[in-house]
2 protein chains.
Amino acid sequence: MYDVAERSGVSIATVSRVYRTPDSVRAQTRERVLEAARQLGYVPSGNARGLASRTTGVLGLCFPDYADADAEADAEADSDADDAVMLYSDQIIRGMERAARRHGYALLIAASLEGGPESLVAKVAGRVDGFAVLAQTVPTEDLEVISRRLPVVMLAGPREIDHLDHIVVANADGERELARHLIEDHGLRRLAFVGGEAESPDAEARFLGFQEACRDAGLPVPDEPDLRAEMMTQAEGARAAEALLDRETEWPQGVLFANDQMAVGALRALERRGVRVPEDIAVTGFDGIPLSRIVRPPLTTVRQPIRQLGEQAVELLVQRLGNSGREPVSLMLPVSLIRRASCGCG
Amino acid sequence: MYDVAERSGVSIATVSRVYRTPDSVRAQTRERVLEAARQLGYVPSGNARGLASRTTGVLGLCFPDYADADAEADAEADSDADDAVMLYSDQIIRGMERAARRHGYALLIAASLEGGPESLVAKVAGRVDGFAVLAQTVPTEDLEVISRRLPVVMLAGPREIDHLDHIVVANADGERELARHLIEDHGLRRLAFVGGEAESPDAEARFLGFQEACRDAGLPVPDEPDLRAEMMTQAEGARAAEALLDRETEWPQGVLFANDQMAVGALRALERRGVRVPEDIAVTGFDGIPLSRIVRPPLTTVRQPIRQLGEQAVELLVQRLGNSGREPVSLMLPVSLIRRASCGCG
DNA sequence: ATCTAGGGTGAATGCGCTTTCATAAGAGGG
DNA sequence: CCCTCTTATGAAAGCGCATTCACCCTAGAT
């Protein structure tokens, strides 16, 4: 910048003005400066600008390190498809990028590895005006500290810190609606629910919705999921399906899985065992992943508006950047039931 | 930082050391500092650190503003699927993010809107250690200037600036292999090629491959594509298919489209006209988009390793950051033929 | 007891920019 | 022709950190 100033015979203040407030500089001077900048290959330092102006024009996203889950998903899917499957994080990124672009922000993304001062989270936090975090990505205490300095919005998970903005999807509502559909529209009465580990807030919320539907329909209300999977993967789903079949008791008429991955695994296991879906047993998932459309039979599920999650996150951040005094909000995004063949529809 | 230093009774230099080189500080001192930082909610400023150390630990990606293309794609696809389709840019982002993470970098992404000093490109360039650009995203002259200051790698397109690293996919090879397959394995002789606008380097490279295959097989070598679509969309593909049918001359035995979108549109148009694929006419695409698998009949196509494109980009950037003297390289990533029903396979 | 290393710490400088505040140069008005 | 009011520009003070150099202190060697 000093070089540009010297070369064009002005002060650095004027060079700065050329970039920040072009109209405040005489056209002739401005051209001289821009020409010099071009000749010198001048690239303004975002760091310096950010330091001086205390703002970066960048929003951030921290998401968990899915590396293992991906490797697994890739291995399970036919290799043909592994490039095609859009992950949760991909969709959030896309949503945030769109919204950020609309507001003139760039987006900084990083998967958190471990914690500690040198973590990527710390790097992100120091380089953005505000950021979103996927639940269970960053240790609560770190978030607690960081959120005192800049806007943070928490996505999809329990509200661990109450002064943070927070967005979830309507897990319970979705599962309740799904169960209601099975009960009322398909006349099923003996339903089983396969959940995840008790620490998964999503899975728990979905089970809650299932309970509500049972209650609403006057059916017995289970205290616990019939089965809990550790990993919520296809393999676990297959295992759960077989466990359900091998029980002494009569088969359930329908099985609700806490996510699509498990339901897909179950579909395959049932096919191997010669159990017809939906004639013998109805199967449902949750999430609305692409795979749910492709499997046979197509999976009835509940779609989460993941992209909107990202867009809303940016909206909240931008709002708070404009008005830091705003009360923290907690949004719940509506989900939508997708009826396909695996429950008997279509 | 000054506050932290004061509170823990040390100098700012020591605070800095606690974060940069923890081992050089006595454990007891370090704990005092970290405790003070926690109490004060200290978040190190990435800007200041970047300014002082002249490095950001961030890599960047600039890609075109697909907003319009997306809206169109969403409208064409059943609404059910619009969240599921992974775009070109999504895949590159994923690839770059993975690779960047491995090397300890975060990723800054921005879709370029217009040019000018205030463009997102300028913002990205000033905040990263190096970045990748999708072809035709950033004006060549801007890139010329920026690339004098930091590593830039150009993705998928002509090599406009010869001192830049550059990665392309083997468009010509792929199309040649595809045409060879149609000619040799399926015995087709009368082939048509539907290209894009002459300015699209990808489409042109693919046509080149087609020409080569004709030459290799001793077939007449066309000078120009039989048809050129303006937009390479489904609608244009459908139109092209109909135009081909309506010609005076005999129908071709096979039609190679320069991308999947057009081929899919053609598939639908042919179905409407009662033309059977592949019995009456074979159809092929290029890209390997997810949709190509779902349409009926499934589309024979050439898959681009888009994710690898992103990963390689990061590798090149990291290499160059380590050794700025390295000669610029130009990589060509191999593609793979995917044989499905639309050419008569399967 | 004195000397020597070496680890731990502080003072000071500068990274490249934004932003007042002050000043100079014109533009009208009397 | 002098005075006031804009408009364009310059000078200078940080922004928050990394880093060098100098210094002090302690432990081991002599």
Side-chain angles (χ1 to χ4, degrees), chain A residues 1-34 36-37 40-58 117-118 122-129 145-146 148-150, chain B residues 1-34 36-37 40-58 117-118 122-129 145-146 148-150:
Chain A
M1 187 162 185
Y2 289 84
D3 298 342
V4 173
E6 186 173 354
R7 182 162 194 138
S8 51
V10 301
S11 73
I12 60 164
T14 298
V15 177
S16 175
R17 278 189 275 262
V18 167
Y19 287 89
R20 308 302 312 150
T21 55
D23 291 338
S24 73
V25 176
R26 211 180 354 155
Q28 175 190 340
T29 313
R30 195 190 319 146
E31 283 312 316
R32 261 209 335 270
V33 170
L34 287 175
L40 290 168
Y42 169 61
V43 178
S45 155
N47 284 324
R49 177 178 298 189
L51 184 56
S53 67
R54 268 164 293 269
T55 156
T56 66
V58 177
E118 266 319 292
K123 178 182 294 181
V124 170
R127 312 201 83 87
V128 300
D129 289 339
V145 170
I146 294 173
R148 302 223 294 274
R149 295 290 180 187
L150 45 76
Chain B
M1 187 161 184
Y2 289 85
D3 297 343
V4 173
E6 186 172 355
R7 181 162 196 138
S8 51
V10 300
S11 74
I12 61 162
T14 299
V15 177
S16 175
R17 278 189 275 262
V18 166
Y19 287 88
R20 306 305 310 152
T21 54
D23 292 339
S24 73
V25 177
R26 207 172 5 144
Q28 175 190 339
T29 313
R30 193 190 321 145
E31 283 313 315
R32 259 204 344 265
V33 170
L34 287 176
L40 291 168
Y42 169 61
V43 178
S45 156
N47 284 324
R49 176 178 296 188
L51 184 56
S53 67
R54 267 164 293 269
T55 157
T56 66
V58 177
E118 264 322 290
K123 178 182 294 183
V124 170
R127 313 200 81 88
V128 300
D129 290 338
V145 170
I146 294 173
R148 301 222 294 272
R149 295 290 180 185
L150 45 75

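Reminder, nothing fancy here: chain letters follow the sequence lines and each chain counts from 1.
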> Is R30(A) reaching over with its side chain to a backbone N or O of V25(A), donor-acceptor style, under 3.5 angstrom?
Replying inline: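 Side chain of R30(A) to backbone of V25(A), a donor-acceptor pair under 3.5 Å: yes, one is there.
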
For a 4.5 angstrom cut-off between non-hydrogen side-chain atoms, does D129(B) reach L150(B)?
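No, side chains not in contact.
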
Non-hydrogen side-chain atoms of R20(B) and R49(B) separated by less than 4.5 Å
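Counting from C-beta outward, R20(B) and R49(B) do come under 4.5 Å.
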
Residues at least two apart in sequence or cross-chain that pass side chain to side chain contact (heavy atoms under 4.5 Å, CB included) with R26(B), listed by chain then number, are Q28(B), T29(B)

All N/O donor-acceptor pairs, side-chain side in residues 40-48 of chain B, below 3.5 Å, sequence neighbours left out:
unit_1, atom_1, unit_2, atom_2, d
S45(B), OG, N47(B), N, 3.3
S45(B), OG, A48(B), N, 2.9
N47(B), OD1, R127(B), NH2, 2.8

In B/S/- notation (B base, S sugar-phosphate only, - none; protein heavy atoms under 4.0 Å), nucleotides 9-19 of chain C written 5' to 3' is BBB--BBBBBB

Rounded to whole angstroms, how far apart are CZ on R127(A) and C1' on dC17(D)?
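Checked: the CZ to C1' distance equals 12 Å.
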
task: Return the value, rounded to whole Å, for the distance between atom CZ of R30(A) and atom P of dT7(D).
output: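 That distance rounds to 15 Å.
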
